[in-house]
Amino acid sequence: LSLLVVSGCATTGASLGSENPSVKGTARLELGIAEANTFPAALSPSLPSVDRIGHQVRAALGDRAVAAVDLCVSPKGNVTKVELASSSTYAAFDAALMKDAKTWRYAGLAAARARAQWAPADACTLYQRALGAAGSLGITDAELASTYEELGDCAELAGRYVQAADAYREARARVRENAARSAELCRKEGWVRERSGSYSAALRWYRRGVRVLEGHDEGALVRTQLALAEGAARLRQGRYSQALGLLHSVVQGAQRHQDEATLAHAYYLLDWAYTDLGSDEALHYRELSLPVYQRLGNLAREGVVVSNLGIDAYFEGRWAEAVELYERGRVASNRAGDVVQAATAANNIGEVYSDQGRLAAAEEMFLDALATWQRAPFPVGIWLATSNLGRVAARDGRFAEAADLLGKAREGFGAIGAEGYVVETQSREVERHVLAGEPAAGEELSAQTVERVRRIGGLGHLGVMLLRLRGCA
């Protein structure tokens, strides 16, 4: 007997007959599994082939026929190998038992359970062990592709972006003939690049996914999800017009396909875009996503949406409510194992503390978030925390340190094409000049930054902030 993570291997026996007349004539299964605490549970195993020859079996063996088979079960719960370990001495019974055993299903193994319980880091370790043992078990390419994809999903959620990209590449290599699956994996490869701070690489992957689907009737929903991914990337770049066009098309596509998760994602991105633009249209979308994710049990997305509601409250001056929402979002993200998003919520709490003058508490939040984002690595987050630390330093009178941190953040955002964040950081440099008693430099930079805000066409809150600072200068 061997027991592997990728395949539970165990011995099982079967018998015929029963002392209970109500079940006479039905094969009764006796599962004798070593290390039952680690082997997955059988999902209603039955013996229809054995039942069909029940009279012959009784004639040959009496009321009790016993045989043993070795089973190997894949991570998905499919039986991948059945071998006769011990014969009943009646070949017809043995053959029927083997035939039935091949059709049994088992619960997913430890990696799938860890993922379902929102423990993505643990799931990554278990999937890696499973895949390392897969070569000798006769598992199909299709099942290996699914397992690699699940490893990628868990690695992405755990902030392990290099590992996620490697896993998605392995999955794609095994589904090249399936256009819809290939395109979906292109979308996931793009998302990993986006999280890693490369918007241009992410957009190339999204477009590659669209090309994979050309000439294929299937994959309409994947096309919608690729449009969603591109719309989100354009939004993060501060390209609002492009983002809005894509996101409105996604709403129509998701409604047509009745895909609640994609629809909810588009809704919260539209809230974000219209909030940045200072449009009341944001209110139409603001409350639509959270109930959907709660109904679907998607803790990871729930954490994102609740934190986004905190951003809305922050810009509307409801700071106590904003902190409460950020904290709720952080709890949900931590429960989902999404350490990168949990750090985002902590960073947002730090921004409120900074505005309230609680500079030490704010700095602690930013440093904690920075440490998490550096481990991922998550470049957008790294430069967000660096910018926020620069702002705290300026407000604390450490002007040389502030200039250094803000300069690094501006250059970092520029390198990944996040123009909106470049302008935000430049606005904070205006604040530094004003606080340092450099009004002329502050006024000059403020004029330049206002022009950049107008050119982007959003970020109305920055325009207001810059006008106030110009007045102070």
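Just so it is clear, the structure is predicted and the values come from calculations on it, not from any experiment.
- Electrostatic pairing of K408 and E411 does not count as a salt bridge here, judged by no charged N lying under 4.0 Å from a carboxylate O.
- In this structure, the side chain of T262 does not engage the main chain of D259 through any donor-acceptor pair within 3.5 Å.
- The nearest pair of heavy atoms linking L244 to A273 is CD2-CB, 3.8 Å.
- Judged by the 6.0 Å and 45° rule, R195 forms a cation-pi pair with F378.
- Ionic pairing of R174 and E170 is present here: one or more N-O contacts between side-chain nitrogen and carboxylate oxygen are shorter than 4.0 angstrom.
- At least one donor-acceptor pair closer than 3.5 Å links the side chain of W319 to the backbone N or O of Y314.
- Not one N or O on the side chain of Y161 forms a donor-acceptor pair closer than 3.5 Å with the backbone of V192.
- If you take CG on L246 and CZ on R234, they are separated by 8.0 Å, rounding to the nearest 0.5 Å.
- Taking all atoms of both residues into account, the shortest heavy-atom contact from S87 to D94 is OG-OD2, 2.6 Å.
- A donor-acceptor contact shorter than 3.5 Å is absent between the side chain of Y268 and the backbone of E287.
- A donor-acceptor distance shorter than 3.5 angstrom exists from the side chain of R223 to the backbone of L213, with no hydrogens or angles considered.
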Take E302 and R328 through the salt bridge (Lys or Arg N to Asp or Glu O under 4.0 Å) test and state the conclusion after the steps.
CA-CA 9 Å; E302 182 181 332; R328 279 177 52 196; 5.5 Å; no

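- Between Y199 and V380, some side-chain heavy-atom pair lies under the 4.5 Å cut-off.
- When side chains are defined from C-beta on, I311 counts as touching N348, because their heavy atoms get closer than 4.5 Å.
- Salt bridge absent: E189 and R169 never bring a charged side-chain N and a carboxylate O closer than 4.0 Å.
- Side-chain contact of Y206 with E194: a donor-acceptor pair under 3.5 Å is present, judged by distance alone.
- Other residues, nucleotides and ligands place more than 12 heavy atoms under 6.0 Å from the CD atom of Q56.
- At least one side-chain heavy atom of R207 sits less than 4.5 Å from a side-chain heavy atom of E230.
- Under a 3.5 Å cut-off, the side chain of S279 and the backbone N or O of Y274 do not form any donor-acceptor pair.
- To the nearest 0.5 Å, the span separating OG1 on T344 from CD1 on I349 amounts to 11.0 Å.
- Between G350 and A362, the shortest heavy-atom distance links the atoms O-CB, 3.3 Å.
- Judged by distance alone, with hydrogens and angles left aside, the side-chain atoms of S196 form no donor-acceptor pair with the main-chain N or O of S198 at under 3.5 Å.
- Between K188 and E149, at least one side-chain N (NZ, or NE/NH1/NH2) sits under 4.0 Å from a carboxylate O, which counts as a salt bridge.
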Q163 and C124: CA distance, side-chain angles, deciding distance, side-chain contact (heavy atoms from CB on, under 4.5 Å) verdict
CA-CA 9 Å; Q163 183 182 22; C124 284; 4.1 Å; yes

Please lay out, stage by stage, how V50 and D100 fare under the test side-chain contact (heavy atoms from CB on, under 4.5 Å).
CA-CA 8 Å; V50 174; D100 289 336; 3.7 Å; yes

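- When every heavy atom of A254 is checked against every heavy atom of T224, the shortest pair comes out as N-CG2, 3.9 Å.
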Intermediate values then yes/no, salt bridge (Lys or Arg N to Asp or Glu O under 4.0 Å), R187 and E184:
CA-CA 5 Å; R187 182 187 68 80; E184 168 64 4; 2.7 Å; yes

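- Using modelled atom types, one side-chain atom of S182 and one backbone atom of V175 make a donor-acceptor pair closer than 3.5 Å.
- The two residues A332 and G303 make their nearest non-hydrogen contact at CB-CA, 3.8 Å.
- To the nearest 0.5 Å, atom CG of residue D166 and atom CG of residue L151 are 9.0 Å apart.
- The CG atom of L269 sits 5.5 Å away from the CG atom of L247 when rounded to the nearest 0.5 Å.
- Taking the side chain as every heavy atom from C-beta outward, E321 and Y326 never approach each other to under 4.5 Å.
- Considering only heavy atoms from C-beta on, F413 stays 4.5 Å or farther from E419 through its side chain.
- Atoms OH and OH, on Y267 and Y285 in that order, are 7.5 Å from each other to the nearest 0.5 Å.
- A salt bridge between R330 and E327 is present, with a side-chain N of the basic residue lying under 4.0 Å from a carboxylate O of the acidic one.
- Using a 4.5 Å heavy-atom cutoff, the side chains of E177 and D141 are not in contact.
- When side chains are defined from C-beta on, S88 does not count as touching V66, because their heavy atoms never get closer than 4.5 Å.
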Begin with the C-alpha distance, continue with both residues' side-chain angles, and end with the deciding distance and a verdict on side-chain contact (heavy atoms from CB on, under 4.5 Å) for N347 and W373.
CA-CA 11 Å; N347 175 82; W373 287 333; 3.6 Å; yes

Hey, mind stepping through H284 and D271 against side-chain contact (heavy atoms from CB on, under 4.5 Å) and telling me if it holds?
CA-CA 8 Å; H284 175 71; D271 172 29; over 6 Å; no

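- A distance-only check finds a donor-acceptor pair linking the side chain of N388 to the backbone of L384 [under 3.5 Å].
- For the atom pair NE2 (H265) and CG (L270), the distance works out to 10.5 Å, reported to the nearest 0.5 Å.
- Residues R193 and S200 bring no donor and acceptor atom of their side chains to less than 3.5 Å of each other.
- Taking both residues in full, the closest heavy atoms of A369 and A343 are given as CB-O, 3.6 Å, listed atom of the first, atom of the second, then distance.
- Remark: the backbone N or O of K99 is not paired with any side-chain donor or acceptor of T103 at under 3.5 angstrom.
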